[in-house]
Amino acid sequence: MARPFYVTTPIYYVNDVPHLGTAYTTIVADALRRYQRLRGRDARMLTGTDEHGLKLEREAVAKNLTPQQFVDQMSARFREAWPKLLVEQDDFIRTTEPRHERLVQWVWERVAKTGDIYLGEHEGWYCVGCEEFKTEKELLPGNVCPLHQRPTERLKEPTYFFKLKDYEQKLLDFYDANPRFIEPESRKNEVISFVKSGLRDLSVSRTSFSWGVPVPGDTKHVMYVWFDALANYWTALGGEGSPNARYWEPSGEVLHLVGKDILRFHTVYWPAFLMSAGLPLPTKVFAHGFLTVDGQKMSKSLRNAVDPIRLAETEEIGGPDGLRYQLLRYVAFGQDGDFDHRAMIERYNADLGKNLGNLLSRTLGLCAKLTGGRVPAYAPETLELEFETQARVHIDAAARAWDDLAPHRALEEALALSSLANQYVDRAAPWAEAKKDNPARAATTLALLLDALRALSVLVWPAIPRKADALRAQLGLAPIACATGTDQWPTLTDHDRAGRPLGTATPLFPTVDKDVEKALLDRLQPKPEVAESAPPPPSVPGHPSAAPEATTITYDQFAAVDLRVGVVKTATKFPKKDKLLQLEVDLGEPKPRTIIAGLALTFTPEQLVGQRVIVVANLAPRDFGKGLVSHGMLLASGPSEKLVLATAPESAEPGAKLK
Ligand code: MSP
């Protein structure tokens, strides 16, 4: 019997709500678990939330909550979201749970015992978004994190280091001995060259905040959030000797699904921690790509605009099954992909409506007329035997694709089987046979179609379980129930159902017409806020998103706004964006700042150069796509076409602070 199977998603930071990116990995993990269970395997899926660290502590403070209150609220959002996407994880771990904290301290102690942890002092640029120290090489000018487009912070503190450098060769040897440990191949090469370029010891504790797991024996320190977080995959199983320990290597097969941005943590740090602790390593880390939406990068505002729960509630395109189908079939797992709303509707119509849905309704329609709503007898001839052979090719290929972690190919094979069955009905023409008074031929055709549909209900079940079970109900079959040790992958050889009643036929995937499509697009597509694709320029006062009425703020809130005098050095127009200008503004810093401002309807670039403007200097950078990031906002008043700039007198130095 195959080993137990254990698939994990990253545990999600709770400073965000579930979005299409996090939903994607979670859906893939669920589909893989379902597939393995169908095959009779003892399969387990873990997901959860990552709840410690400076980022979350700050976010809680900003919301006037204790960190615990904040993470409780946010973790619940994830736990409640996944069932709405038909995800059936076996366990949901939170890093603030005592079961995790106890075991991660145990892992730390094991690592410390081997002598791999020592006390030192660390100074460097820390990105709170990544919860990671960055090397200068990795940063953009102004010490900005390239991933978060936010300035990093200079931190200096006593810290425990993990002797990562000592693991350089051991890791390379491990990758060599386990060539399929990192997939896809291209990602593996990136990791290997990163390790070959030389590792540095890793800071694994922090003293400047307390929202973390205390370091055993030195409670001034809390564990580095990634040390804490990565261990979740192992702690969730309950530690050595627990019944669930069977899911870990060597008795279990362990598959970590991660986004490409966090591959290094999983393939360098995590294996090194495990090697040090004397624990077995996972079997595979698979990195998937990033999703864009309608061709745009998913900024935070766009992510929130494309809410997976709202999509899952859109029954017109299949509800949660429809969303899962789109993500699993049309994003090649391992590569970047685009979630395009219009294409989603077209694909729903083509694959689910006109192909699979149509096969079901025409088969059941003919059965109602010709077989009295029962499964007819099967007496195959050449046409049927040919069909069976071809169908088995698709069924086997679909299984291989799931085994190879390629759900997109598995579903392509399933839909190819559905197309084959539709072609077969046309060729076998049971309606004509019935008219020719050849009911046995018509019966055989319909029996085979019912078998094909039964096979299809299994093939698509990992991806679209609710619709697959609804399809089965129409065929008079019970919902799929997996049982360990019983492989239910279809073979198309058990034609033993003659005489059994069929269920009630109802359209499974009614197609969407042009009017409904338009209404759906209006409802679902995120509205471009400015011009074609950019988020609203942060620099336009009187922008509709500004609060209609001023609320009272405390002095401290006001003092948090860093207002400075700046001198505009250059101003350039954006092609195709008639409101925006790109400014380089001298704020008395080593280099002028790039600020993207919605000033172009009032000013020509020439009118702005040399102006002494007032800049909000500590506004979070805003990404306008194509590598353009705005690092501040200018103050002005009036409508976009008649702006009056807030300016400072000649005597004010660039960089002077306003109070
Ligand atoms: N907490 C860490 C993971 C710790 S695992 C021990 C973390 N959390 S996260 O919430 O920021 O990100 C979780 C996952 O979401 C990552 O795998 C990331 O790649 C994925 N995605 C975030 N945006 C995404 C897209 N636009 N598309 C696809 N996945 C994306 O990192």
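Counting starts at 1 for both ligands and their atoms, following the listed order.
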Asker: Parallel, tilted or perpendicular: which describes the rings of Trp270 and His256, with under 30° parallel and over 60° perpendicular?
Answerer: tilted
Asker: Does ligand 1 come near enough to Gly259 that some N or O of the ligand is less than 3.5 Å from an N or O of the residue?
Answerer: yes
Asker: Does the plane of the ring in Phe162 sit parallel, tilted or perpendicular to the ring in Phe273? Use 30° and 60° as the thresholds.
Answerer: perpendicular
Asker: Does ligand 1 have any atom that is closer than 4.0 Å to a heavy atom of Glu131?
Answerer: no
Asker: Could you tell me whether Tyr233 approaches ligand 1 through its side chain, its backbone, both or neither, with non-hydrogen atoms closer than 4.0 Å?
Answerer: side chain
Asker: Need the ligand 1 atom indices (1-based, order shown) with element for anything under 4.0 Å from a heavy-atom of Gly21.
Answerer: 24 (C), 25 (C), 27 (N), 28 (C), 29 (N), 30 (C)
Asker: Would you mind listing which atoms of ligand 1 come within a distance below 4.0 Å of any non-hydrogen atom of Ala229?
Answerer: 6 (C)
Asker: What are the atoms of ligand 1, with element, lying closer than 4.0 Å to any heavy atom of Gly289?
Answerer: 28 (C)
Asker: Measure centre to centre between the rings of His408 and Tyr330, then say whether the value is under 6.0 Å.
Answerer: no
Asker: Is there at least one pair of N or O atoms, one from Asp261 and one from ligand 1, spaced under 3.5 Å apart?
Answerer: yes
Asker: Nearest protein heavy atom to atom 12 (O) of ligand 1, by residue and atom, and its distance?
Answerer: Tyr12 CD2, 4.4 Å
Asker: Heavy-atom contact check, 4.0 Å cutoff: does His288 meet ligand 1?
Answerer: yes
Asker: Could you tell me if any non-hydrogen atom of Asp16 lies under 4.0 Å from any atom of ligand 1?
Answerer: no
Asker: Would Arg79 count as a cation-pi partner of Phe92, with NZ or CZ less than 6.0 Å from the six-membered ring centre and within 45° of the ring normal?
Answerer: yes
Asker: Should we count CZ of Arg342 as having more than 12 external heavy atoms under 6.0 Å?
Answerer: no
Asker: Give a yes/no on ligand 1: does Tyr24 have at least one heavy atom closer than 4.0 angstrom to it?
Answerer: no
Asker: For ligand 1 and Ile11, I'd like to know whether there is a polar contact (N/O to N/O, distance under 3.5 Å).
Answerer: yes
Asker: Do the ring centers of His122 and Phe133 come within less than 6.0 Å of each other?
Answerer: yes
Asker: Start with the C-alpha distance between His266 and Tyr233, add both sets of side-chain angles, then the distance that settles ring-ring contact (aromatic ring centres under 6.0 Å, His included), and finish with yes or no.
Answerer: CA-CA 11 Å; His266 286 79; Tyr233 304 125; 5.5 Å; yes
Asker: Quick one: does NZ or CZ of Lys55 land under 6.0 Å from the six-membered ring centre of Tyr13, within 45 degrees of the ring axis?
Answerer: yes
Asker: Once you restrict to heavy atoms under 4.0 Å, what part of Trp226 touches ligand 1? Side chain, backbone, both or neither.
Answerer: side chain
Asker: Show me which atoms of ligand 1 lie under 4.0 Å from any heavy atom of Asp50.
Answerer: 1 (N), 2 (C), 4 (C)
Asker: Give me the nearest non-hydrogen protein atom to atom 11 (O) of ligand 1 as residue plus atom name, then the distance to 0.1 Å.
Answerer: Tyr13 CD1, 3.2 Å
Asker: Should the proximity of Leu291 to ligand 1, defined as any heavy atom under 4.0 Å, be assigned to the side chain, the backbone, both, or neither?
Answerer: both
Asker: Quick one: is the NZ or CZ of Arg154 closer than 6.0 Å to the six-membered ring centre of Tyr126, and within 45° of its axis?
Answerer: no
Asker: Using a 6.0 Å cut-off, check whether atom CZ of Arg77 has over 12 heavy atoms from anything other than its own residue.
Answerer: no
Asker: Examine Thr25 against ligand 1 and note whether any of their N/O atoms are separated by less than 3.5 Å.
Answerer: no
Asker: Is there at least one protein heavy-atom neighbour under 4.0 Å from atom 20 (C) of ligand 1?
Answerer: no
Asker: Quick test: of every protein heavy atom, which one is nearest to atom 23 (N) of ligand 1, and how far off is it to 0.1 Å?
Answerer: His19 CE1, 3.6 Å
Asker: Using a 3.5 Å cut-off on N or O atoms only, is Thr22 in polar contact with ligand 1?
Answerer: no
Asker: Does a salt bridge link Glu253 with Arg41, judged by any charged N lying under 4.0 Å from a carboxylate O?
Answerer: yes
Asker: Parallel under 30°, tilted from 30 to 60°, perpendicular over 60°: which one fits the rings of Phe181 and Tyr175?
Answerer: parallel
